[in-house]
Protein chains: 2
Amino acid sequence: MKKTTIYDVAEEAGVSLATVSRVINGSNVVKPATREKVLEVIRRLDFKPNQIARGLATSKTTTIAIVFPQALFGHVKDMIGGIGDTGRTLDYNITIYTTEDIGDGDPVAAVLEKVIKSRADGVVLFNSDQIDHEIEIMKKYNLPTVVVGYKVAEDKIGSIYVDASHVSYDLAKKYLAEGKEDIVFVRPQQNLVRLDDFVDGIKKAFEDAGKSFDEDKQVINTSTHYEESYPFFIDYFKTHKHDVVLTGYDKEAVAVVNAAQDNGISIPDDMQVVGMMNTSYSIMSRPSLTTIHVPVYEMGAMAIRLMTKMLNEEEIDQKAVPVVTQMITRNTTK
Amino acid sequence: MKKTTIYDVAEEAGVSLATVSRVINGSNVVKPATREKVLEVIRRLDFKPNQIARGLATSKTTTIAIVFPQALFGHVKDMIGGIGDTGRTLDYNITIYTTEDIGDGDPVAAVLEKVIKSRADGVVLFNSDQIDHEIEIMKKYNLPTVVVGYKVAEDKIGSIYVDASHVSYDLAKKYLAEGKEDIVFVRPQQNLVRLDDFVDGIKKAFEDAGKSFDEDKQVINTSTHYEESYPFFIDYFKTHKHDVVLTGYDKEAVAVVNAAQDNGISIPDDMQVVGMMNTSYSIMSRPSLTTIHVPVYEMGAMAIRLMTKMLNEEEIDQKAVPVVTQMITRNTTK
DNA sequence: ATGAAAGCGCTAACAA
DNA sequence: TTGTTAGCGCTTTCAT
């Protein structure tokens, strides 16, 4: 049972295939009567234009590839809603590619090669260790690119990012002003938000207050797996306690809160904890987490929207779009 | 700057394009010397075969479409890891489509129409209210289909599913044997696991024990949003207490645990709670959740694997593949 | 307003 | 072992 093609429709309607093509592409030079006739046949034969053939003819696939490292998956998945919805609304297909850090040769390049072969119209990249390398490759192939989670200065590349240094600066400044100087940052391996910038913001707040921030001692690197971070903190809080613990992800914040409480440290009275991302963990935790809301769904939507603007050569006010975060105060701070 | 095509390679290598095609498709009738020469040119010109053109010529796109309702997103997202990884390994592209229940006309059909136009080789559908309708449409277009979360009897359609009635039967039976007869099921709107089947299993256990299960009273329908379910249960547990609360999702289990405790009900001493899915919520909750582990990542991987087997017409032992669940006993049960 | 025909970049008979 | 050629199903000039 062969699929009906544009030829079948043309023949059945008694017109040339050019006319059918005009109809399905909404050309306005077609006589209403012909258009009607053609549409009727399309409906009757249940004709679905072959996007592959169209893609070959136009050199456009109306698909956007999104590429992200496995490690970042926990963050990206929340964004896929925004990406999928926006893609559907704007009539773009979304193809997903995951990269893994480990592997023979250059695994990132191998994945991007697939993207190139697929002839996606554009690609959305997510912040990762490899992001500069990825951007380099995309520039080489001149493929429209949007980066999420990392501010890109390049003129031709779009980006959607969180101004993390600003957020952390404000936070640290506030606590310093309250006399809470024993501030520590729990840093997971990866986040959509640039944690380097976050650290820089804290540092600056300390400097501006005439104090110094010792990165070696005041930044605690940790796993993103609760199964690993919780036992670590159980041990850690036997001998430590701080005024304020800032974290790079809600999961870590929960690990800190649970482990501290299990060591008899009262939250928020003895120690205050701030999460990041405002995930559902933050409301389910006891006490519920004060956290930095990052509009993840919207970031996905914005990335696709920016991409399509670039593809359609619409006017773009800013190629690097900062995203607004918001402090959500709950019960792990006073 | 035009992309290099197979013609460019052929000319530069001094062979016909057919030979180049043979080389990139790994035909073994090419003389090693020629192959080498061609490969060298491919490398030098950085030639990436156009998948779109290939797709048109072969009527194969090596892409698999996955379609899921927004409402199920919380579950599907965990599966995307397995889907993406397996797709990459088996060299298939994965295109995602989200559906929304609301919308003019037939929104599900509209999305599936995009899948048809895209000429994906196959489609993976997720259990939803609309699943029968979706299957109907796919059968009409004769597109290879795998359904996740729902056992399909159809001969030509693959499925990966959880035998939920068996799981719940065993659970309920165990508690009934212990004399815990006040068992209640908290049912969220959607889950990858068929909750109807889960209820049936409980019912059967009651029947087999010579007791009756009153669906109206012993099934509590609830929202999947903690923000809604928690306040509901805060109210509910002012006047209720049960021996055992089974839930359809860990999030609901956390809502139950938190709300019960806030009402002075001690978990697990006064009441036992069982979650479902073994999400990260289950270990972060206090007490940590006893829950039913469902291998979500693996289900994604299996779905893609089954799909590719169908596409390659490999031998398939079973079209409907049940997935093994496991009770994870933590601290909300005794 | 419509049709004829070339072309998008590849694969796959068929010939040589 | 290699080359020639006819599609795959559409879009898009260029004529009419």
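Note on naming: letters A, B, ... go to the chains in the order of the sequence lines (proteins, then strands), and numbering restarts at 1 for each one. Keep in mind the model is a prediction, meaning the values are calculated, not measured.
Of the two residues contacting DNA chain D, namely B:Val15 and B:Arg119, the nearest-nucleotide position lying further toward the 5' end is that of B:Val15.
Counting non-hydrogen atoms of neighbouring residues, nucleotides and ligands closer than 6.0 angstrom, the NZ atom of A:Lys151 reaches no more than 12 such neighbours. The number of heavy atoms from other shown groups lying within 6.0 Å of CD (A:Gln318) is above 12. The number of heavy atoms from other shown groups lying within 6.0 Å of CD (A:Glu11) does not exceed 12.
Within residues 18-37 of chain B, the residues approached by DNA chain D to less than 4.0 Å at the level of any non-hydrogen atom are B:Ala18, B:Thr19, B:Arg22, B:Val29, B:Val30, B:Lys31, B:Thr34, in residue-number order. Against DNA chain D, the stretch residues 52-60 of chain B makes heavy-atom approaches under 4.0 Å through B:Leu56, B:Ala57.
In this structure the side chain of B:Tyr92 reaches within 4.5 angstrom of the side chain of B:Leu311, judged on heavy atoms. In this structure, A:Lys114 and B:Arg88 have side chains that are in contact, with non-hydrogen atoms separated by less than 4.5 Å. When side chains are defined from C-beta on, B:Asp85 counts as touching B:Tyr297, because their heavy atoms get closer than 4.5 Å. No side-chain heavy atom of A:Thr63 sits less than 4.5 Å from a side-chain heavy atom of B:Thr95. Counting only heavy atoms from C-beta outward, the side chains of A:Arg54 and A:Ile24 approach each other to under 4.5 Å. Counting only heavy atoms from C-beta outward, the side chains of A:Leu125 and A:Tyr150 never approach each other to under 4.5 Å.
Nucleotide C:dG9 holds its C1' atom 12 Å from the NZ atom of B:Lys3, rounded to whole Å. As a whole-Å value, the separation of A:Tyr7 OH from C:dA5 C1' is 10 Å. Computed from coordinates, the B:Lys48 NZ to C:dC10 C1' distance equals 17 Å when rounded to whole Å.
A salt bridge is absent between B:Lys3 and B:Asp8; no separation between the charged side-chain nitrogens and carboxylate oxygens falls under 4.0 Å.
From the 5' end on, the contacts that DNA chain D makes with chain A at under 4.0 Å to a non-hydrogen atom open and close at D:dG9 to D:dT13.
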